[in-house]
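Lettering of chains follows the sequences in order, A, B, ..., and the numbering in each one begins at 1. Since the structure is predicted, the reported quantities are computational estimates derived from the model, not experimental observations.
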There are 2 protein chains.
Amino acid sequence: MKAVGKRISATGKVAECAHVGRPRCFDTDEALDAALAVFWKKGYEGTSLADLTKAMGIERPSLYAAFGNKEGLFRKVLNRYACKSEEFVAEALGQRTSRAVVQRLLMGNVDMTADPRNPAGCLLVQAAVAGGDESEAIRGEVNSLRRAGELALRKRLQRAKTEGDLPSDAEPADLAGYVFTVAHGMAVRAKSGATRTELKRVAETAMRAWPT
Amino acid sequence: MKAVGKRISATGKVAECAHVGRPRCFDTDEALDAALAVFWKKGYEGTSLADLTKAMGIERPSLYAAFGNKEGLFRKVLNRYACKSEEFVAEALGQRTSRAVVQRLLMGNVDMTADPRNPAGCLLVQAAVAGGDESEAIRGEVNSLRRAGELALRKRLQRAKTEGDLPSDAEPADLAGYVFTVAHGMAVRAKSGATRTELKRVAETAMRAWPT
DNA sequence: CAGATAATTTACCGTGCGGTACAGAATAGG
DNA sequence: CCTATTCTGTACCGCACGGTAAATTATCTG
């Protein structure tokens with residue numbers, strides 16, 4: 001019970017720690033990225049442990065020792081994905097006008113869901129929609145992540161209202177819900193093979209709903 | 001090879017036919033409805049044959065004799081679902097103005113995806129987003145169904161343009177893509193537990209993008 | 001070098017999956 | 001009543017799944 005070999009690399013990049021025993025042969029973050037790619041492409045239920053170990057280049061017990069089990073691994077992957085998303089979300093929320101904020105959000109969503117460098121679609125949307133019994137616990141976590149993002153946008157829009165950047169009859173909650181709905185729809189279309197230019201046209205059309 | 005006991009009940013309601021041998025003990029359409037409910041709730045990959053036979057009230061070999069296999073059953077279920085959808089889609093496309101058409105489409109989508117009488121979300125969206133290898137063939141069929149609906153709307157909007165119901169710079173393809181994107185997004189949110197009133201507000205906000 | 005600790009490897013477990021062989025039961029025609 | 005035909009029910013198949021026991025190997029501490 002005096003083990004101290006606690007790695008924090010999932011959150012920060014700090015990997016220096018007094019470790020006792022045989023050191024790990026793989027990089028945790030790289031393994032998580034590999035797992036992310038698989039889950040992103042095939043969904044939670046559609047991904048088997050064989051898929052994961054093959055992609056991550058490790059054996060099954062190493063995976064269990066490092067991440068608990070399939071669900072635990074997926075939760076860590078979710079956090080990692082959410083962190084990557086939050087990069088561009090934070091950048092978008094920092095725009096000066098609410099219109100620019102939403103435009104960046106939608107365009108960033110297009111770039112993320114239809115980037116040929118990573119799997120099509122959105123991991124969160126795919127996990128939220130997967131319906132099996134085993135992923136019921138997953139859906140809860142996914143929903144809270146989604147709600148957190150929507151709440152951040154809503155607060156940003158409320159600020160915009162006080163700044164006169166949005167008309168006084170605008171409803172930040174409705175607008176934020178609308179924006180996220182469009183984003184989710186674009187993720188579905190991206191998964192179905194829609195191209196970036198196609199999705200950007202959708203985003204532009206969606207922006208026509210934005211109050212002056 | 002002189003069998004003539006071919007039932008057509010899946011398409012029409014004609015069940016009268018000269019049948020030889022033991023008659024079927026269950027109603028094909030009722031069984032399809034039961035299967036639809038399960039697939040709708042749990043997705044294609046999340047549904048097991050045990051789930052299906054339990055819900056349909058038949059044994060496994062009866063299912064295989066009547067519908068081929070799991071994928072064949074799902075295809076028949078898809079057609080049945082598409083038929084049900086097409087009811088309200090046709091009604092919506094019959095509206096006089098393009099604005100009314102889209103409003104009905106979105107509201108009908110809300111009613112269908114958030115109706116407490118049937119599972120939340122949209123079967124097509126869930127099937128389109130499911131990522132496993134086994135459902136790759138499924139995705140093709142789902143996509144063609146989706147495209148068919150979008151094409152119907154696009155043609156309706158083109159007609160609206162010639163009638164002066166839409167401005168001459170309106171792009172029917174972009175608008176149809178936008179409407180379907182919103183619909184898909186609403187299906188995702190419905191699956192995540194959004195209420196009808198919440199979704200209707202989204203639909204109203206989405207309508208603000210509609211050209212005068 | 002010896003002991004403690006932890007990660008690796010191999011091989012395996014029980015379970016549930018989609019799908020089916022086979023025998024019995026129900027109908028139609030002769 | 002007999003036969004041909006088709007559906008029903010039981011019981012089963014091979015397989016892939018998520019997860020693990022146990023032995024081995026690599027590293028740190030003393």
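- Between A/Phe67 and A/Phe26, the angle of the ring planes lies from 30° to 60°, which puts this pair in the tilted group.
- Remark: A/Lys200 does not engage A/Glu204 in a salt bridge, criterion side-chain N to carboxylate O under 4.0 Å.
- Residues from residues 49-73 of chain B placing a heavy atom under 4.0 Å of any atom in DNA chain D, listed by number, are B/Glu59, B/Pro61, B/Ser62.
- Residue A/Cys25 places its side chain closer to C/dT8 than to any other of D/dT8, D/dT5, C/dT8.
- OP1 or OP2 of C/dC17 lies within a sub-4.0 Å distance of a side-chain N or O belonging to B/Ser48.
- Residue pairs satisfying the ring pair (Phe, Tyr, Trp, His ring centres under 6.0 Å) criterion with at least one member in residues 177-210 of chain A, sequence neighbours excluded, are absent.
- Listed by first and then second residue, the ring pair (Phe, Tyr, Trp, His ring centres under 6.0 Å) pairs involving residues 99-128 of chain A amount to none (not counting sequence neighbours).
- For the pair B/Gln95 (side chain) and B/Arg104 (backbone), a donor-acceptor distance under 3.5 Å is absent.
- For B/Arg154, the salt bridge (Lys or Arg N to Asp or Glu O under 4.0 Å) criterion is met by no residue, not counting sequence neighbours.
- Here the nucleotide nearest the side chain of B/Arg22, chosen from C/dC17, C/dA25, C/dT27, is C/dA25.
- Listed by first then second residue, pairs satisfying side chain to side chain donor-acceptor pair (under 3.5 Å) with a partner in residues 55-71 of chain B read B/Glu71-B/Arg75, not counting sequence neighbours.
- Protein atom CD of A/Glu45 is 11 Å distant from nucleotide atom P of D/dG18, rounded to whole Å.
- Within residues 34-42 of chain A, no residue has any heavy atom closer than 4.0 Å to DNA chain D.
- Between B/Arg24 atom CZ and C/dA25 atom P the separation is 21 Å, expressed in whole Å.
- If you take CG of A/Asp133 and P of C/dG16, they are 13 Å apart, rounded to a whole angstrom.
- Between A/Asp33 and A/Lys84 there is a salt bridge, since at least one side-chain N of the basic residue sits less than 4.0 Å from a carboxylate O of the acidic one.
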